[in-house]
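I have placed the structure first, in the form of structure tokens, so that the comments after it can refer back to it.
Lettering follows sequence order; numbering is per chain, from 1.
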Protein chains: 2
Amino acid sequence: METRDIVLGVDIGGTTTSFGFVDREGTVLAEATIPTEGRKPAQTLVPRLAARAAEVAAGLAGTRLLGVGVCAPNANQNTGTVENAVNLAWDPVTDLRGLVRQHYDLPVEISNDANAAALGEMLFGGAKGMKHFIVITLGTGLGSGLVANGQLLLGADGLAGELGHVVVQAGGRECGCGRRGCLETYVSATGLCRTLFELLADSREPSDLRTVPYQDLTAKRIFDAARAGDPIALAAFDRTARTLGLKLADAVAHTGPEAIFLFGGMAAAGDLLLRPAQAYMEEFLFPAYRGHVKLLPSQMQAGSAAILGAAALIWNRLAR
Amino acid sequence: METRDIVLGVDIGGTTTSFGFVDREGTVLAEATIPTEGRKPAQTLVPRLAARAAEVAAGLAGTRLLGVGVCAPNANQNTGTVENAVNLAWDPVTDLRGLVRQHYDLPVEISNDANAAALGEMLFGGAKGMKHFIVITLGTGLGSGLVANGQLLLGADGLAGELGHVVVQAGGRECGCGRRGCLETYVSATGLCRTLFELLADSREPSDLRTVPYQDLTAKRIFDAARAGDPIALAAFDRTARTLGLKLADAVAHTGPEAIFLFGGMAAAGDLLLRPAQAYMEEFLFPAYRGHVKLLPSQMQAGSAAILGAAALIWNRLAR
């Protein structure tokens, strides 16, 4: 029987850590999860992960493990450090790669989820064969992974490609990063909720959402209201799409991508967000770029995207 | 006698075409100019250039020509085309590289001046040894060349790195590109003049520049007035620096450069523009980037920068 080459892809989340064994074509042969226990240090997570992964691997006959790819919040691919990890009470981890290598004498790559998503899209998704593209992950916040000349743009400090923190409006909305006016305070699930409340205040238009307190509001409720024709909910999506289109046009002027992929729950709101964002982007694009940049939903399966992205980190390295 | 390897660097401008023979260390061994005669087609310029360059080369004993680098307005490095060249009445040139190769059976590279300036800075200027940096050329407009992972960011269509056309304000000032609110309408010699007139209108403050009609106003006059303490001129520089700092912070969030170099006449206004722009950029930077990005004047000599940039196009290719 021929040996099948596989890698281990690991996605460390605030609550759950998922992992899976992935072959070169992006097939997940086996996967499982363990609780992250993010209140305990990273040093306790890695041995538990390795032990559970060994159990799962025992069921995979005829395979050869070639490396491990890990994505973790705020992980720096250049340095291997993890600082200020969202939803984790970790002290700064100076060498997550080293921690993993204590259990695997193999190539190890770490990165944040948006960069992993970009490589996942390149190896297994809609960006196959593309040398220049951008992946935007839309969730509570806005993450991004930029690929140029076939390589991730990591920059001098490994921190490039943070489009969630380009400035939409100087002195605008308070952001979790400590500044004001960042893109993710306008374009994200929470940004959409903030825009909706602004519009409820600005306008006298009736809306079913006038009965909902801020803390109960979700992007899903705004989505449902918009689908039902609620004018304020529709206006909130339109304004969000316009801001996204404007800043994507700026991103195009920087890196000249062939396509931009939207990943995450909000990307599914095609008619409400993706299509109008494409139209606004075209309006704001430098004329030479017009009609040249596709705005597309990610082709990655929501369920296994994180594991595939983590696996792509190491498959991409092995391919070089 | 040892043979000295040289390349020919050519800078095609609206009025004058300059060229020079440049060695690997960036020494210009000989240089000359010819009139561009931009009303005539590109097909007539290249033979005149080659003839005059041959005369100049005749004086260079013991050299070997390795290639030709050409910068021309709006030249596309990927395709070799020149379309809508500023100040030239050329029909679209589908293959400028091919035109040059009719006279030189050698590697030929073409690009626009900002990309050439970036490679010049990398090979011969302040960006030696850097893998991630940006060069901003400030003149009548604002050009830019972005380098990431040691390579020019050209993008899918060869048109990436047009920071002059990121949007400062949707619906803002009219730009030559047909849109509104582009960065170069605020940050450039003409942008500074427009800002000064806006401030003269907004404010009641006295200013010597209230006697100057718009068509006679220059960045140099505003510079001189600011040096003499004119409050409106000082405010115009401050506002220009703030807009530049804001958009440079966005550029950092895209590509994570180690340094940003300012090239051109306005970059010389260090205390009035460069230093306050650095302070504003720091204010607008995502916290993780703060203190990590230097804003520096270009280290290229103004006189020979264009020829050196053009020469760098080909030295960089030969080094790969």
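In terms of heavy-atom proximity, Ala156(B) sits nearest to Pro257(A) at CB-C, 4.1 Å. Closest approach of Gly256(B) to Ala160(A), counting heavy atoms only: N-CB, 3.6 Å.
Proximity to chain A (any heavy atom under 4.5 Å) is shown, for Ala251(B), by both the backbone and the side chain. At a 4.5 Å heavy-atom cutoff, the contact between Leu159(B) and chain A is made by backbone and side-chain atoms alike. For Leu152(B), the part lying under 4.5 angstrom from a heavy atom of chain A is the backbone only. Contacts between Leu285(A) and chain B at a heavy-atom distance below 4.5 Å involve the backbone alone (N, CA, C, O).
Your options are Leu154(A), Leu163(A), Leu246(A), and the one with the most heavy-atom pairs under 4.5 Å with chain B is Leu163(A). Put simply, of Ala253(B), Ala259(B), Cys177(B), the one with the most heavy-atom pairs under 4.5 Å next to chain A is Ala253(B). Contacts with chain A were tallied for Ala249(B), Pro287(B), Ala148(B); Pro287(B) has the most, counting heavy-atom pairs under 4.5 Å.
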Distance-only donor-acceptor screen, chain B against chain A, under 3.5 angstrom:
unit_1    : atom_1 : unit_2    : atom_2 : d
Asn149(B) : ND2    : Leu152(A) : O      : 3.4
Leu152(B) : O      : Asn149(A) : ND2    : 3.4
Ala156(B) : N      : Gly256(A) : O      : 2.7
Asp157(B) : OD2    : His292(A) : ND1    : 3.0
Leu159(B) : O      : Tyr289(A) : OH     : 2.5
Gly161(B) : N      : Ala253(A) : O      : 2.9
Gly161(B) : N      : His254(A) : O      : 3.2
Glu162(B) : N      : Ala253(A) : O      : 2.8
Val167(B) : N      : Asp250(A) : OD1    : 2.8
Arg179(B) : NH1    : Phe284(A) : O      : 2.1
Lys247(B) : NZ     : Asp250(A) : OD2    : 3.0
Asp250(B) : OD1    : Val167(A) : N      : 2.8
Asp250(B) : OD2    : Lys247(A) : NZ     : 3.0
Ala253(B) : O      : Gly161(A) : N      : 2.9
Ala253(B) : O      : Glu162(A) : N      : 2.8
His254(B) : O      : Gly161(A) : N      : 3.2
Gly256(B) : O      : Ala156(A) : N      : 2.7
Phe284(B) : O      : Arg179(A) : NH1    : 2.1
Tyr289(B) : OH     : Leu159(A) : O      : 2.5
His292(B) : ND1    : Asp157(A) : OD2    : 3.0

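Interatomic distance, CZ of Phe286(A) versus SG of Cys175(B), reported as 7.5 Å (0.5 Å rounding).
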